[in-house]
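Written below as structure tokens is the structure these notes are about.
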Amino acid sequence: MPAERKAGSAKWQLTTGQKTRAVVLHPDIRKRAARRLPEHGLAEAVSLAAALPGIEVIWSEVVRVSRTLAGSLFGTGRVAELGERFRADKIGLVLIDGPLTPVQQRNLEKEWKVKILDRTSLILEIFADRARTREGVLQVELAALNYQRTRLVRAWTHLERQRGGFGFVGGPGETQKENDRRAIDEQAIRLRRQLEKVVKTRELHRAARAKVPFPIVALVGYTNAGKSTLFNRVTGAEVLAEDMLFATLDPTMRSLNLPSQTGPGRKVILSDTVGFISDLPTQLVASFRATLEEVLAADLILHVRDISHPETAEQAQDVEDILQSVGVPASTPKFELWNKLDLVEPSAREALLAQAAQRAGVFAVSALTGEGVAELLSAVSAAFEAEKTEELLDLGFDQGRRHAWLHQQGVVLSEVLGESGWQLQLCWSQRQREDYFRL
């Protein structure tokens, strides 16, 4: 078989110089309420497959499923028909754009004699291939372990063999499956401990930034929406930006001086985050929480949308769902960027520009050509200037924690020490004020 998994690895090792012949199937389950058209889902799945090196997609197809079978997902006749086509085309890998139970995956692999990846495992493979930093590698490994733990049934009958226990009386001992599961749990614990160190390091960096308080502006959006292209244009960075799903995974932060009409521009920290996708595996959401903490702490979120995509509204809703699931506060200010304006048909372009102009917090831009970027940066600068208000606050000596927090946030303009406490002149944002009164 042209693809083979290395023990303990989340990646498939492809035969050198030989691409794996693959097929992409998108199950269209009639009883399932779908947000998007199956043809668009298939196109996205093919793009995901193209993002994995060493894969050659021979053909792809939407498979209508009127009734799902617990053992094989597809009906018996359809399984046999697809199997014949796979053998005729010498297919070595089948990518199914949807969730598969361990039993379904095992039975289909036995019937078709090919390797099968469902949507979750495909995304995990891409992340394993793209992760570059130590943190990214740890996060992918942890997500892969959490996924593998539930799928030990795939490893065939050797998992049911039993090993003898201690003593001479005997007994059933322990199955190989139980032993493998415990090994996975132990490795996951080690990875979590290493990730905890990463989180602590991020907290130290965040505390250091708080002493010299620069607002954090986080770029979020669907994968391939153009976040990295926009990030490179406004910061001068050289983050990889390609027309490919999940071209970049590891978060990048750069300082950015915003334009100002009244003097030196405000400096902010711009953060480029991993792109989101529909049906993002829960294992990845949990594992990448340390990365997404930068979004949780953001003072402003820029939601980048590919406005030229036929399902841009559905993609935007997927992003909003993920932001809500990871706990991004609803009070965090947010701008919506309609990117890739250069790809919009001229007949629809003027209507989009007019629509964006009528909506507050919406900006039509092209990160590739730079159109609309200057207006966006001016709006970001104005937002930070407008939201700051001054306030006089009396604080007793018993409020030492709040006193320290105010100084960490850098909002104290002046301080007068009295007999019973401090009198503070503050300049803070509405969000900082709300956070303070929640302490």
Side-chain angles (χ1 to χ4, degrees), residues 1-28 38-63 73-74 79 82-100 104-106 108-132 136-137 140-141 143-144 147-148 151 154 222-224 228 240-250 274-281 283-284 309:
M1 185 173 293
E4 179 181 349
R5 180 178 288 281
K6 264 178 81 174
S9 171
K11 299 170 65 175
W12 289 91
Q13 305 300 314
L14 303 175
T15 305
T16 304
Q18 180 182 356
K19 285 195 172 184
T20 301
R21 295 170 64 85
V23 165
V24 179
L25 302 178
H26 178 86
D28 180 19
E39 290 74 19
H40 291 158
L42 176 64
E44 182 178 272
V46 172
S47 298
L48 282 171
L52 197 61
I55 298 295
E56 180 184 5
V57 178
I58 305 304
W59 50 271
S60 59
E61 186 175 299
V62 173
V63 182
L73 181 63
F74 308 112
V79 169
L82 289 170
E84 291 178 1
R85 295 173 64 184
F86 297 155
R87 287 186 288 272
D89 293 334
K90 297 181 180 179
I91 300 301
L93 177 64
V94 175
L95 306 171
I96 297 180
D97 185 37
L100 283 179
Q104 289 171 341
Q105 188 165 355
R106 180 190 65 181
L108 289 176
E109 284 183 343
K110 290 177 68 175
E111 180 67 28
W112 289 340
K113 303 296 189 295
V114 297
K115 180 63 209 161
I116 294 177
L117 296 180
D118 65 358
R119 183 179 178 87
T120 298
S121 52
L122 173 60
I123 295 175
L124 285 172
E125 296 291 344
I126 296 172
F127 274 47
D129 180 72
R130 298 290 171 79
R132 293 292 179 266
V137 171
V140 172
E141 288 182 358
Y147 177 73
Q148 291 169 5
R151 311 185 82 81
R154 285 180 49 211
Y222 207 81
T223 181
N224 208 31
S228 296
L240 177 65
E242 294 183 3
D243 185 15
M244 180 184 293
L245 300 188
F246 298 119
T248 53
L249 289 183
D250 300 310
V274 62
F276 298 152
I277 197 169
S278 63
D279 301 322
L280 188 68
Q283 297 93 340
L284 278 176
H309 196 280

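The figures here come from the full heavy-atom set of this structure, side chains too, leaving out hydrogens, waters and symmetry mates. It should be emphasised that the depicted structure is a prediction, and the values quoted were computed from it without experimental measurement. Residue numbers count from 1 along this sequence.
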The reported gap from CG in Leu82 to CG in Leu25 (rounded to nearest 0.5 angstrom) is 6.0 Å

Asp97 versus Leu42: any side-chain heavy-atom pair under 4.5 Å?
no

Look at the aromatic rings of His309 and His40 and report parallel, tilted or perpendicular, splitting at 30° and 60°.
perpendicular

In terms of heavy-atom contacts, Ala49 and Val57 come closest through CB-CG2, 3.8 Å

Quick one: pull up CG in Asp89 and CD in Glu84 and give me the separation to the nearest 0.5 Å.
12.0 Å

What distance do Leu48 atom CG and Ile55 atom CD1 have between them, rounded to the nearest 0.5 Å?
12.0 Å

Checking side-chain contact (heavy atoms from CB on, under 4.5 Å) for the pair Val63/Asp28: CA distance, chi angles, key distance, verdict?
CA-CA 6 Å; Val63 182; Asp28 180 19; over 6 Å; no

About how many Å separate CG of Asn224 and OG of Ser47, when rounded to the nearest 0.5 Å?
7.5 Å

Of all heavy-atom pairs linking Leu100 and Asp118, the shortest is N-OD2, 3.4 Å

So, taking the atom named CD in Glu125 and the one named CG in Leu93, what distance separates them when rounded to the nearest 0.5 Å?
9.0 Å

dist Ile116:CD1 -> Arg106:CZ (nearest 0.5 Å) comes out at 12.5 Å

Do Tyr222 side-chain atoms and Ser278 backbone N/O form a donor-acceptor pair below 3.5 Å?
yes

Against Val23, only a single residue in Ile91, Ile96, Val114 fulfils side-chain contact (heavy atoms from CB on, under 4.5 Å); can you say which?
Ile91

Does Arg85 form a salt bridge (Lys or Arg N to Asp or Glu O under 4.0 Å) with Glu61? I'd like the steps, not just the answer.
CA-CA 12 Å; Arg85 295 173 64 184; Glu61 186 175 299; 2.9 Å; yes

Pair Glu44 + Arg119, salt bridge at N-O below 4.0 Å
yes

Measuring only between side-chain heavy atoms, which start at C-beta, is Thr120 closer than 4.5 Å to Pro99?
no

Would a distance-only check, ignoring hydrogens and angles, find a side-chain to backbone donor-acceptor pair under 3.5 Å from Lys90 to Arg87?
no

